[in-house]
2 protein chains.
Amino acid sequence: MSERSEQIVDAARALIDEGGSAALTMRALGERLNIRAPSLYKHFPNKSAVEAQVITRAMRELASALARADSLVALAATYRAYALAHPHLYRLMNCGPLPRHLLPPGVEDAAALPLVRAVGGEMNRARAAWAFAHGMIILELDGRFPPDADLDSAWSTGLAAFADPARR
Amino acid sequence: MSERSEQIVDAARALIDEGGSAALTMRALGERLNIRAPSLYKHFPNKSAVEAQVITRAMRELASALARADSLVALAATYRAYALAHPHLYRLMNCGPLPRHLLPPGVEDAAALPLVRAVGGEMNRARAAWAFAHGMIILELDGRFPPDADLDSAWSTGLAAFADPARR
DNA sequence: GTCTATACAGAGATAGAC
DNA sequence: GTCTATCTCTGTATAGAC
């Protein structure tokens with residue numbers, strides 16, 4: 001990818017991180033680079049291609065953070081921290097259909113690997129734990145829990161259920 | 001609500017159920033009723049008001065289905081069945097910010113009540129179980145699990161973790 | 001690679017006649 | 001309560017000059 005293309009993805013990421021997916025428009029993107037929107041099409045075929053690059057970068061970022069966690073509990077903490085620090089990027093990555101045909105192969109799997117490892121390859125447990133974590137995050141981001149809900153406790157309750165199957 | 005208003009909400013619900021939230025446009029709504037879009041504004045102040053009515057109706061529908069379930073497992077099955085039968089309505093209700101100021105009071109709580117009852121009022125367990133169920137559904141609807149994933153098993157694994165705390 | 005000019009689409013909503 | 005006509009806005013994307 002050329003220098004210029006990198007800058008475009010940088011700017012696109014920043015726009016989304018700050019204002020959500022809706023804030024990424026070709027006009028806004030051009031403006032941020034002091035360029036007119038049509039010029040962007042010399043570097044990317046369309047908006048989806050730019051978005052896909054942002055997704056790819058975010059997934060790798062998250063994956064590398066997760067790789068540093070050792071236990072399931074630590075993994076959950078890292079995952080949640082990323083989501084709360086970058087709610088819009090989290091959504092971009094994890095909500096709605098994923099444009100897999102525009103992503104380099106392996107990116108998605110790499111992001112999932114730390115969790116699979118943490119549960120010793122038990123895929124049912126990995127999927128259930130992922131669903132729990134994603135559900136907690138998205139419900140929190142969407143403001144669906146009551147303002148006074150103790151979410152730390154809810155996380156603990158859920159994690160206790162998944163983290164230690166030997167005791168069940 | 002007048003007869004006509006009911007018809008409008010009916011049509012709006014049908015549009016969303018069939019084509020998702022994006023399919024609800026004032027033009028399409030008018031068309032379905034053999035009416036021009038501007039006429040709708042004699043019955044509702046704007047599109048959000050119509051949408052809120054659809055949400056209200058869907059929440060009551062889901063709540064009454066859930067009320068018939070007795071155990072946590074039965075509740076989960078009912079919840080999932082509704083979501084898979086009406087994925088777009090499920091999304092409308094449960095994804096993104098909820099326009100609470102446009103909903104009649106109590107609707108949201110009524111939908112949550114069956115779950116709270118099923119876990120004996122333990123709110124942490126209720127929230128964790130909700131997050132798990134919502135996560136499983138939304139990841140499934142968004143096509144985030146591999147095509148060959150055995151989701152029934154993942155549900156079982158998750159529910160076993162939440163349904164029987166006495167054994168933990 | 002960047003520009004200007006522009007096409008094109010589709011959305012929500014309003015004014016005022018009937 | 002419904003109509004026609006229309007406004008306004010905001011997107012994506014293309015053509016062609018420089």
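What you see is a predicted model, and the numbers here were worked out from it, not measured in a lab. Naming convention: chains lettered A, B, ... in sequence-line order (proteins, then strands); numbering from 1 in each chain.
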Hits for side chain to side chain donor-acceptor pair (under 3.5 Å) against A:Ser64, two or more places apart or cross-chain, chain-then-number order -> none
Protein-nucleotide distance ([X], atom [atom1]; [N], atom [atom2]), rounded to Å:
| X | N | atom1 | atom2 | value |
| --- | --- | --- | --- | --- |
| A:Leu33 | C:dT2 | CG | P | 9 Å |
| B:Glu3 | D:dT2 | CD | P | 12 Å |
| A:Arg36 | C:dT6 | CZ | C1' | 16 Å |
| A:Phe44 | D:dT14 | CZ | P | 15 Å |
| A:Asn34 | C:dG1 | CG | P | 17 Å |

Connecting only ILVMFWY residues whose side-chain heavy atoms lie within less than 4.5 Å of each other, what is the rest of B:Met123's hydrophobic cluster?
B:Val116
Taking the hydrophobic residues Ile, Leu, Val, Met, Phe, Trp and Tyr, and joining any pair whose side-chain heavy atoms are under 4.5 Å apart, which ones share a cluster with B:Leu113?
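Noted: B:Leu113 shares its cluster with no other residue.
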Does A:Tyr90 have any ring-ring contact (aromatic ring centres under 6.0 Å, His included) partners at least two apart in sequence or in another chain, and if so, which?
A:Tyr79, A:His134
Taking only Lys NZ, Arg NE, NH1 and NH2, and the carboxylate oxygens of Asp or Glu, determine whether B:Glu61 and B:Arg13 approach each other closer than 4.0 Å.
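So B:Glu61 pairs with B:Arg13 through a salt bridge.
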Determine: side-chain N/O of A:Ser39 to OP1/OP2 of C:dC3, distance under 4.0 Å, yes or no.
yes
Provide the full list of side chain to side chain donor-acceptor pair (under 3.5 Å) pairs with a residue in residues 92-110 of chain B, sequence neighbours left out, each pair given once.
B:Arg100-B:Glu108
Atom pairs and distances, side-chain donor-acceptor, residues 145-154 of chain B, under 3.5 Å, sequence neighbours left out:
unit_1   : atom_1 : unit_2   : atom_2 : d
B:Asp150 : OD1    : B:Asp152 : N      : 3.3
B:Asp150 : OD1    : B:Ser153 : N      : 3.2
B:Asp150 : OD1    : B:Ser153 : OG     : 3.4
B:Asp150 : OD2    : B:Ser153 : OG     : 2.6
B:Asp152 : OD1    : B:Arg80  : NH1    : 2.8

Which nucleotides of nucleotides 11-18 of chain C have their base under 4.0 Å from a protein heavy atom (B), which only their sugar-phosphate (S), and which neither (-), written as one string 5' to 3'?
BBBBB---
State which of C:dG1, D:dC3, C:dC3 makes the closest approach to the side chain of A:Ile35.
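Side chain of A:Ile35 sits closest to C:dC3.
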Contacts to DNA chain D from residues 9-17 of chain B, heavy-atom cutoff under 4.0 Å, which residues?
none
Report all side-chain donor-acceptor pairs from residues 33-42 of chain A shorter than 3.5 Å, counting only partners two or more places apart or in another chain.
unit_1  : atom_1 : unit_2  : atom_2 : d
A:Ser39 : OG     : A:Arg36 : O      : 3.4

